[in-house]
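These notes concern the structure reproduced below.
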2 protein chains.
Amino acid sequence: MHPPVLEGNLAQPVIRRLNAMRQLSERGIALLQQAIQDGLHRARPGEDLATEGDPVDSVRIILSGWLCRYKTLADGRRQIVNFVLPGDSCDACVYLLSVMDHSIGALTPVTYADIKRPVFEQLLASDRSLEEALWCETMVSSAIQREWTVNIGRRVALERVAHLLCELYERLLPVGMIDGDSCLFPITQMDLADATGLSVVHVNRTLQELRGSGLIVLRDRILTINDLKQLKDTALFSADYLHTKRHG
Amino acid sequence: MHPPVLEGNLAQPVIRRLNAMRQLSERGIALLQQAIQDGLHRARPGEDLATEGDPVDSVRIILSGWLCRYKTLADGRRQIVNFVLPGDSCDACVYLLSVMDHSIGALTPVTYADIKRPVFEQLLASDRSLEEALWCETMVSSAIQREWTVNIGRRVALERVAHLLCELYERLLPVGMIDGDSCLFPITQMDLADATGLSVVHVNRTLQELRGSGLIVLRDRILTINDLKQLKDTALFSADYLHTKRHG
DNA sequence: CGTCTCTTTGAGTCGTCTCAATCGGCGTGG
DNA sequence: CCACGCCGATTGAGACGACTCAAAGAGACG
């Protein structure tokens, strides 16, 4: 049903992402690709891949599209706690906890592999490099979560939005989704607001400020970063927390 | 140098904490206790167990005392991203990342076990229940981190401080550090401010408000929660994210 | 008894929010 | 092909939550 050559392409972001954490063995890559091919799924924008309170029984690996993890308060306030990008895994290990404590929603059309728990465990057990890479990715995800806490807790609006843009840029880079200094940026200002803990109105004004100082262009779902260095400076951004090993 | 019977007591919070995640085997407990005895250390208040940028080569398990994980911005702003309580581990797996992306500071006198990476890996490899419990604990720590993002991003000051108090109460409970409706609460209002993303002055006024409505008493480093239910209500608190299995 | 840290209080400022309305693009149905 | 409705982006204006600055209590400690 899916020609193998196409699947190979689909798995590219995952392999690139994991390779950046730990050099994957040939065998590991093959096993991973097989597992991905066997579990292909799609989701539409707005659809939830998982909802707070759901039992967890499988791991999802994102092949294309953007998602977000979010939590909702009783009165409707929503906080996006992280974005999930191509190559990321959803809850590589959260299945150790039996219930989801947050929801995962698709922001765009999404392609992902759904790998059932036993299959996933076998995958981890059969290749050491794969196991380490996937744990590593989970740890990086925690590190990102910590930085978000800092971002929302201690940065002012301008810094905060700038920081988020820097992070997304740096995360999209290793999976090959940056074209020059531009990338697709499929999220609304409302999403941005829920991710930064700001109001939509203020996000709008903050973006205008960033545009006004010539740092970025954001139009028609395309983000262009004109001056990455200065954007990082205004964001007080350091990429260390992403633990991206630079290698050849 | 340390009588075995005393060490057994020291390890109690850890064992209780891990047992709440996964039922530990007798063997697992014995191995753990041995590792803890072999790696006992102390730290003074204000001392850093680890600093952002440090290489990671060991895992720490907290036996007594309070610590915090924190990050500092270039201009001195500080954000506490989590508290570390007795029974918690520091970076059970962060050693998969070679460098610390945050610091860990002692808020009180601390007793902890420092377990070197090879010893720790052997520990995980030799008992399945121990391995699962420790991973589980790491996952819960991530879940807490997500909730902090929500707390700081979407709750107002009163809710935010109340939520933190509820969380600490619920986390201290399973390790036996709650006495009736009171507990030692050794952190300053400045720490509270850095943890909630508020200013010290505002934390002070918020605490007064909580006191004024009779929900809590906080004096001389002792916190008493007079009305837990109402405190949880004002905090919009649900303990689900702590993944604490209730079991007889 | 002086010093240091933590807590508390007062007063004024400012960042961010809320409410409200307009504008623009896009898909759908008449 | 046009009108309507919807969603997202934008703008204006006023309100308020939280911040900063400043200074004064209050314990703890040597």
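In the text below, chain A, chain B and the rest are named by the order of the sequence lines, each starting its count at 1.
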Heavy-atom nearest pair, A:Glu47 first then A:Arg42, reads OE2-O, 4.3 Å

Heavy atom of residues 151-165 of chain A under 4.0 Å from DNA chain D: which residues? none

So if I take residues 192-208 of chain A and measure heavy-atom distances to DNA chain D, which residues fall below 4.0 Å? A:Val201, A:Asn204, A:Arg205, A:Gln208

For A:Gln79 and B:Asn151, indicate whether the former's side chain and the latter's backbone hold a donor-acceptor pair under 3.5 Å. no

Measure across A:Val59 and A:Cys90 and return the closest heavy-atom pair with its distance rounded to 0.1 Å. CG1-O, 3.8 Å

Is A:Arg78 close enough and on-axis enough to A:Tyr70, meaning under 6.0 Å and within 45°, for cation-pi? yes

Can you tell me the distance, in whole Å, between the CG atom of A:Asp75 and the C1' atom of C:dT18? 15 Å

Closest approach of A:Ser103 to A:Glu52 (non-hydrogen atoms, all atoms of both residues): OG-N, 3.0 Å

For A:Trp148 and A:Glu167, which I'm curious about, is there any donor-acceptor pair between the side chains at under 3.5 Å? yes

Classify the angle between the aromatic ring planes of B:Trp66 and B:Phe185 as parallel (below 30°), tilted (30 to 60°) or perpendicular (above 60°). perpendicular

Can you measure B:Gln189 atom CD to C:dT9 atom C1' for me and round it to whole angstrom units? 12 Å

Of the non-hydrogen atoms in B:Arg160 and B:Leu198, which two are nearest, and what is the gap between them? NH1-CD2, 3.6 Å

Measure from CZ on B:Phe185 to C1' on C:dC6 and round the result to the nearest Å. 14 Å

Atom CZ of A:Arg221 to atom P of D:dG8: distance rounded to whole Å? 8 Å

From CZ of B:Arg211 over to C1' of C:dT8, roughly how many Å is that when rounded to an integer? 10 Å

Can you tell me the distance, in whole Å, between the CG atom of A:Asp220 and the C1' atom of C:dC26? 13 Å

